Asks: 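Got a structure for you, questions after.
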Amino acid sequence: MRPLLAALLFLAAAARPVSADDDGLHGQRALGDLTVEYWLAPGVYRPTAVELHLTGMDGAPASDVRRVDVQFAMEGMNHGARGAEAALVQPGVYQAAGYYLAMSGAWWMAVRVERVDGRLVSTRFPFVAPPEPTTGTSYALDGRPDDGVQVEDVAASPEGVIPDHIGTTAGHPVRVEVIYVDSPPCGPS
């Protein structure tokens, strides 16, 4: 996955400069006592790639992180949310890549960090997935693998929750990951 992610990030950077003011494709902010810096290469007809760097207050890579999760939900649309657990690729550096975006436009990326002591911290970043040339087939959106725990991504706004039902199996653990999208501009439909 690392070569694919590196290639996607390179292509996104080569296509145009990436900065904090460039449609939200790069940014940084405090996340509790951590700092999260991200690089995002959004794609509809190709995988979306994200790289996160987590550092502590001393500037060193965060070492007390149990899990990092990213989710994507489109602003003002009812696609629901899609996400993935980001993989640790080196101390403090996490990556994820997959088909998370249904179409070009305004999106939210949520980042959730679970610490080894059980604390959870999260934030969200707005970004714009730019139009891209149609390359033929649009791939199905990625789902979460079931590795013993069913993980369901949910988008919540003042107008409702998408999806509004989740199928489960008795006795099988379920974790619900929620991204809150405040006041979508085009309403619940």
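Reckoned from all heavy atoms, side chains included, excluding hydrogens, waters and symmetry mates. These numbers were taken from a predicted model, which means no experiment stands behind them.
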Asks: Please find the pair of heavy atoms, one from P42 and one from L101, that lie closest to each other, and give the distance.
Replies: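 Heavy atoms of P42 and L101 come nearest at CB-CD1, 3.6 Å.
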Asks: What's the separation between atom CZ in F127 and atom CG in L40, rounded to the nearest 0.5 Å?
Replies: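 Those atoms lie 5.0 Å apart.
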Asks: List the atom of R46, the atom of Y99, and the distance in Å for their closest heavy-atom pair.
Replies: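 That would be C-CE2, 3.4 Å.
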Asks: Please name all residues satisfying salt bridge (Lys or Arg N to Asp or Glu O under 4.0 Å) with D117, sequence neighbours left out, ordered by chain then number.
Replies: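 Per chain and number, D117 pairs via salt bridge (Lys or Arg N to Asp or Glu O under 4.0 Å) with R119.
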Asks: With T168, which residues qualify under side chain to side chain contact (heavy atoms under 4.5 Å, CB included), at least two apart?
Replies: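 Here the qualifying residues are Q150, I166, V174.
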Asks: Would the distance check show the side chain of S122 and the main-chain N or O of V111 forming a donor-acceptor pair, the cut-off being under 3.5 Å?
Replies: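 Not a single qualifying donor-acceptor pair exists.
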Asks: For the residue pair A96 and Y100, what are the closest heavy atoms and their distance?
Replies: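 In this case the closest contact between A96 and Y100 is CB-OH, 4.0 Å.
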Asks: Enumerate the residue pairs fulfilling salt bridge (Lys or Arg N to Asp or Glu O under 4.0 Å) with a member in residues 24-35, sequence neighbours excluded, ordered by first and then second residue.
Replies: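 Qualifying pairs: D33-R115.
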Asks: Taking atom CZ of F125 and atom CH2 of W108, what is their separation to the nearest 0.5 Å?
Replies: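 These two atoms lie 10.5 Å from each other.
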Asks: Using the test salt bridge (Lys or Arg N to Asp or Glu O under 4.0 Å), find all partners of E114 that sit at least two apart in sequence or belong to another chain.
Replies: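 R66, R67.
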Asks: A84 and D69: which non-hydrogen atoms are nearest, and at how many Å?
Replies: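 Shortest heavy-atom separation between A84 and D69 comes out as O-OD1, 3.4 Å.
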Asks: Please report the shortest heavy-atom distance between W39 and H26, naming the atom on each side.
Replies: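 Where W39 meets H26 most closely, the heavy atoms are NE1-CD2, 3.0 Å.
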Asks: When rounded to the nearest 0.5 angstrom, what is the spacing between CG in D146 and NE2 in H172?
Replies: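 One finds 3.5 Å between CG of D146 and NE2 of H172.
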Asks: Suppose we screen for side chain to side chain donor-acceptor pair (under 3.5 Å). Which residues come up paired with Q28, at least two apart in sequence or across chains?
Replies: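 Result, side chain to side chain donor-acceptor pair (under 3.5 Å) vs Q28: none returned.
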Asks: Can you measure from CG (L34) to OG1 (T55) and round to the nearest 0.5 angstrom?
Replies: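 Those atoms lie 7.0 Å apart.
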Asks: Would you compute the distance between atom NE2 of H53 and atom CD of Q95 and round it to the nearest 0.5 angstrom?
Replies: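 Interatomic distance, H53 NE2 to Q95 CD, rounded to 0.5 Å: 7.5 Å.
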Asks: Out of curiosity, does V113 fall in the hydrophobic cluster containing V151 (side-chain heavy atoms, cut-off under 4.5 Å, transitive links)?
Replies: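 No, V151 does not connect to V113 through the hydrophobic network.
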Asks: Measure the CE-OH distance between M103 and Y45 for me, rounded to the nearest 0.5 Å.
Replies: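 Reported value, rounded in 0.5 Å steps: 9.5 Å.
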Asks: Please name the pair of heavy atoms, one in Y38 and one in P126, separated by the smallest distance, quoted to 0.1 Å.
Replies: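 Here Y38 and P126 meet closest at OH-O, 4.3 Å.
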Asks: Report whether V50 and L88 are members of the same hydrophobic cluster (ILVMFWY, side-chain heavy atoms less than 4.5 Å apart, transitive linking).
Replies: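 Cluster IDs for V50 and L88 match.
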